[in-house]
Structure formats: C-alpha cells, structure tokens
Amino acid sequence: MNLYTYCKSCKSNINIKSGASTRPDLQMEKGDAFNVNCQNCGTIEKKHVNDIKAESSKAIMLVGLVLGIVATVILWFFFKGIALVVFIIPILVWQQQMAATKAFNSYTIRRKQKN
C-alpha cells in the first residue's frame with residue numbers, strides 16, 4: 001500500500017514514506033500533523049493525518065501475479081489439474097491490498113480543537 005497526499009501549490013501527489021498499515025499507526029509514527037516536502041516544487045506543507053490517502057501497491061500485486069504464474073507452471077508438470085488452484089495466489093494478494101487500502105481510507109482520526 002502506498003501513502004500519498006496532495007500538494008496545494010503545484011497540484012501534484014506527494015508520496016509519504018511510512019510502513020504504517022493503518023491511520024492510527026501513521027498517527028503514532030508521525031503525530032497528528034506533520035510537515036511534508038513536495039519533491040516537485042519544494043514547498044513544505046503541514047498535513048494532518050486525515051489528509052493522507054492510500055492506494056494499492058502495483059508492485060506487490062505484480063509480485064503476487066508472478067508468483068502465481070510460476071507456481072502454476074511448476075505444479076502443472078507434477079500434478080496437472082491441481083496446479084490451477086495455485087493461480088488463486090494473485091487474487092488473494094489483490095484482495096488483501098484492496099482491503100488494506102479501504103480500511104486505511106475509511107478510518108479517520110478526530111481533529112483536535114484549537115483553543
């Protein structure tokens with residue numbers, strides 16, 4: 001899963017480097033609001049954790065697809081018909097990525113009131 005936000009200055013996406021799989025994990029790692037630096041225009045903006053969005057990682061889905069194809073081809077030589085069951089691996093990887101992305105984007109943190 002890739003995390004990103006939107007630059008108000010140049011209207012481009014800013015990638016967030018984090019291993020957080022949920023919004024509360026991101027909040028614990030970076031805080032309620034943190035500074036992000038746009039690589040395109042150099043602007044530094046303060047973003048709230050709720051301003052961060054997630055999208056599915058195409059690299060992980062590609063790895064799942066390749067593993068499924070390789071396992072299917074190898075098992076085809078030994079077990080024939082059962083090898084097609086292994087082709088479910090890419091589908092499982094895709095479902096996991098979609099579920100993680102949906103869970104991240106649907107949960108938001110309460111914004112604190114300024115006094």
Q: Have E45 and N35 got a donor and an acceptor in their side chains that come within less than 3.5 Å?
A: no
Q: What's the separation between atom OH in Y4 and atom CG in N15, rounded to the nearest 0.5 Å?
A: 10.0 Å
Q: Roughly how far apart are Y6 OH and C38 SG, rounded to 0.5 Å?
A: 10.5 Å
Q: Any cation-pi pair here, R23 with F104, using under 6.0 Å and within 45°?
A: yes
Q: State, with a plain yes or no, whether a side-chain heavy atom of T5 is found less than 4.5 Å away from one of V36.
A: yes
Q: Nearest 0.5 Å, what's the CG-CD distance between N2 and Q97?
A: 8.0 Å
Q: With clusters defined by side-chain heavy atoms of hydrophobic residues (ILVMFWY) lying less than 4.5 Å apart, directly or transitively, does Y107 cluster with I16?
A: yes
Q: Of all the heavy-atom pairs spanning M98 and S56, show the shortest one and how long it is.
A: CE-OG, 3.3 Å
Q: Is I14 close to Q39 at the side-chain level, that is, under 4.5 Å between some pair of heavy atoms?
A: no
Q: Less than 3.5 Å apart, which donor and acceptor atoms pair up between the side chains of residues 48-55 and the rest of the protein, not counting sequence neighbours?
A:
from: H48; atom 1: ND1; to: N50; atom 2: N; distance (Å): 3.0
from: N50; atom 1: OD1; to: I109; atom 2: N; distance (Å): 2.8
from: N50; atom 1: ND2; to: I109; atom 2: O; distance (Å): 2.6
from: D51; atom 1: OD1; to: R111; atom 2: NH2; distance (Å): 3.1
from: D51; atom 1: OD2; to: H48; atom 2: N; distance (Å): 3.2

Q: Can you tell me how far the CG atom of L62 sits from the CG atom of L67, to the nearest 0.5 Å?
A: 9.5 Å
Q: Considering non-hydrogen atoms only, spot the tightest contact between M1 and S57 and give its length.
A: N-CB, 3.5 Å
Q: Would you say V70 and L75 are hydrophobically clustered, going by side-chain heavy atoms of ILVMFWY under 4.5 Å?
A: yes
Q: What is the minimum heavy-atom distance between L3 and A20, and which atoms define it?
A: CD1-O, 4.2 Å
Q: May I ask whether I91 and L65 are part of the same hydrophobic cluster, defined by side-chain heavy atoms of I, L, V, M, F, W, Y residues being less than 4.5 angstrom apart, directly or through others?
A: no
Q: Going from SG on C7 to CG on N37, what distance comes out if it is rounded to the nearest 0.5 angstrom?
A: 9.0 Å
